[in-house]
Amino acid sequence: MIENTLQIAPDGLWEKVCNLVRNHLATESERSQMERYFPMFVSHELVENVVHIGVAEAIQVEWFTPLYEKPIERAFEELGYPGVSVVFEVSQSRKQSAQLIPAFSPAQTFLQKQTSPQHVFTGVPSTLPLEENYTFENFVTGPSNSFAHAAASAVAKGLGRTSYNPLFIYGGTGLGKTHLMQSIGHYVLDRNPSASVCYITSETFLNEYVNAIANGAMPAFRERYRKVDVLLLDDVQFIADKKQFQEEFFNTFSSLMTYKKQVVMTSDVAPKNLKGCEERLTGRFQQGMVVEIEAPSYETRLAILKFKVKSLESKHVIPEEILKFIAENIRSHVRALEGAISRVITFMDLNKDMPMTLEIIQHLLKDSIEEEKTIKDLTVEDIMKAVSSTYGVTLSDIVSPQRTQTLVTPRQVAMYLSYKLSTRSLQEIGRSFGKTHATVYHGAQTIQKRIDVESDLRKTIENITSQLGRNPSELYK
Ligand code: ADP
Ligand code: MG
């Protein structure tokens, strides 16, 4: 052994590190995950401020690093070892180093757990339960999601026989990807209860893969996912940068395709934008059907709210103006709409005699509305871009000092929309245009007056507003 090598295990330091890491984990499931994973470390040693943690497979390096690198470093720091960095690496001598494990006790308890029956691979695909109300019937459609909805329903009806294989649904969080994907599962199971429908997140999938490797159970793992009728794989962005796992996934995927089994995937980005993902794989993802779910328009948000009120079977009548207020102010995603409506209903349950007013609602939803502003606030740049593309001028035209009429109108429209749709002050808007706040005010006023008499201009401005995802009625308040 090299002289400056300090074994962690003998003085109990590693045990303390493990305890600290565990204490810092936020949820029970993270802690039980840790109890499964830490025993997979085949060695650990501290050499000159670097903790080398040996693992058996390269995939485990990819998998454990983002999970435990920082928590372990932090634990060392708290134990009086500042500036320590953690490196996961494939252990060169698995057998020899494996003998190190019994030297520290947490691993021993972990090891016993690891061999318990729950980790025996059976070849039966593990599927997460489907959410009961994630059905097509409960999915409200609008321009933002109707294409995705149509594709999903075609897939559910034609299972593996449509050219929509794989179906790849992408879009931001809380826009209904999981809901739509599970609707396919429900549809299939309703008609054929013996169908093998597997819904799984790619995180769980990867998890099982790592476990299968550690347990020498790869054949069973392979078999279990290759005989399903429908594989619903949620959040595939998770496989980014996990090269070895991608390889395995590619094989599973190809085999399902060969047997005309249906694969549905969701992701927060389009296939071509999946980071660190081989082209071979993203290429295959695009061979079926790729659909995007976008943020719902004002009308769809209102329709979703009405649907939710109905399905919550609340005995309260929520005035239309309140629903409109929510739809106008909560724009980013459907989950936030659901949160808002259930907050309103709970409030009404608790305050039966109090009439609902806009002031109360405003107060009740203050936090969500604030949050909304930071998520979805339009920047002056967003607005300038939309305006300049509509008028066919460049961004630098918009901020230039030139006063030709072809530039003045788009510039003033951009000022007007920034004033109406962004939360920036006149001063801030002025800075973006390289003008004073008085110029912005004057520009906005000019447009305000013109749209009263020029219906073409009004139409153009309303279109730009819609393009920016906002309700044109916001302009007239
Ligand atoms: P994602 O997977 O895209 O993050 P989810 O599918 O989890 O989003 O949807 C978030 C919540 O919003 C869920 O409760 C879902 O039922 C609801 N939801 C999303 N889109 C719709 C829709 N079009 N109609 C009804 N509910 C929806
Ligand atoms: Mg989801």
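Counting starts at 1 for both ligands and their atoms, following the listed order.
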### Message
Checking the side chain of Gln286 only, and the main-chain atoms of Thr282 only, is there a donor and an acceptor separated by less than 3.5 Å?
### Response
yes
### Summary
In this structure, atom 18 (N) of ligand 1 is nearest to the protein heavy atom Val334 CG1, 3.2 Å
### Query
N/O of Gly176 under 3.5 Å from N/O of ligand 1, yes or no?
yes
### Query
Are Phe205 and Tyr209 an aromatic pair by the rule of ring centers under 6.0 Å?
no
### Message
Salt bridge or not between Glu278 and Lys243? Use side-chain N to carboxylate O under 4.0 Å.
### Response
no
### Phe325 CZ: over 12 foreign heavy atoms closer than 6.0 Å
yes
### Query
Does OH in Tyr419 sit with more than 12 non-hydrogen atoms of other residues, nucleotides or ligands closer than 6.0 Å?
no
#### Entry: Residue, atom name and distance, where the atom is the protein heavy atom closest to atom 26 (N) of ligand 1
Lys308 NZ, 3.0 Å
### Message
For atom 13 (C) of ligand 1, what is the closest protein heavy atom, and at what distance to 0.1 Å?
### Response
Tyr134 OH, 3.4 Å
### Query
To the nearest 0.1 Å, how far is atom 17 (C) of ligand 1 from its closest protein heavy atom, and which atom is that?
Glu338 OE2, 3.2 Å
### Query
Going by the atom numbers of ligand 1, which of them fall below 4.0 Å from some non-hydrogen atom of Arg335?
5 (P), 7 (O), 10 (C), 12 (O)
### Query
Should Glu279 and Lys272 count as an ion pair when the cut-off is N to O under 4.0 Å?
no
### Atom indices of ligand 1, in the order listed, that fall short of 4.0 Å to a heavy atom of Gly172
3 (O)
### Task
Check ligand 1 against Asn145 and write out every atom of the ligand that is under 4.0 Å from a heavy-atom position of the residue.
23 (N)
### Task
Considering heavy atoms of the protein only, find what lies nearest to atom 25 (C) of ligand 1 and give residue, atom and distance to 0.1 Å.
Asn138 O, 3.3 Å
### Task
Inspect the contact between Glu370 and Lys366 and indicate whether a charged nitrogen and a carboxylate oxygen are less than 4.0 angstrom apart.
no
### Task
Salt-bridge test for Arg74 and Glu78: reply yes if a basic N is under 4.0 Å from a carboxylate O, no otherwise.
yes
### Query
How many N, O or S atoms of the protein are nearer than 2.8 Å to the Mg ion (ligand 2)?
1
### Message
Could you check whether Glu223 pairs with Arg226 (Lys NZ or Arg NE/NH1/NH2 to Asp/Glu carboxylate O, under 4.0 Å)?
### Response
no
### Query
Where's the contact between Phe307 and ligand 1, heavy-atom distance under 4.0 Å: side chain, backbone, both or neither?
neither
### Message
What I want to know is whether Phe139 and ligand 1 share at least one N or O pair that is separated by under 3.5 angstrom.
### Response
no
### Query
So which protein heavy atom does atom 6 (O) of ligand 1 come closest to, and at what separation?
His179 N, 2.8 Å
### Query
Above 12 or not: heavy atoms from other molecules or residues under 6.0 Å from CG of Asp452?
yes
### Message
Check Glu321 with Lys324, please: is the shortest side-chain N to carboxylate O separation under 4.0 Å?
### Response
no
### Query
Looking only at N/O atoms, are Val140 and ligand 1 under 3.5 Å apart anywhere?
yes
### Message
Leu175 versus ligand 1: do any nitrogen or oxygen atoms come within less than 3.5 Å of each other?
### Response
yes
### Summary
Closest to atom 4 (O) of ligand 1 (heavy atoms only, candidates Ala148, Gly142, Gly174) is Gly174
### Query
Is the His186-Phe136 ring centre distance short of 6.0 angstrom?
no
### Task
Return a yes/no value for Thr141: is any of its N or O atoms, backbone included, closer than 3.5 angstrom to an N or O of ligand 1?
no
### Electrostatic pair Arg301-Glu328, nearest N-O below 4.0 angstrom
no
### Query
Just wondering, more than 12 heavy atoms not from Phe249 lying within 6.0 Å of its CZ?
yes
### Task
Could you tell me whether Thr173 and ligand 1 have an N or O pair separated by under 3.5 Å?
no
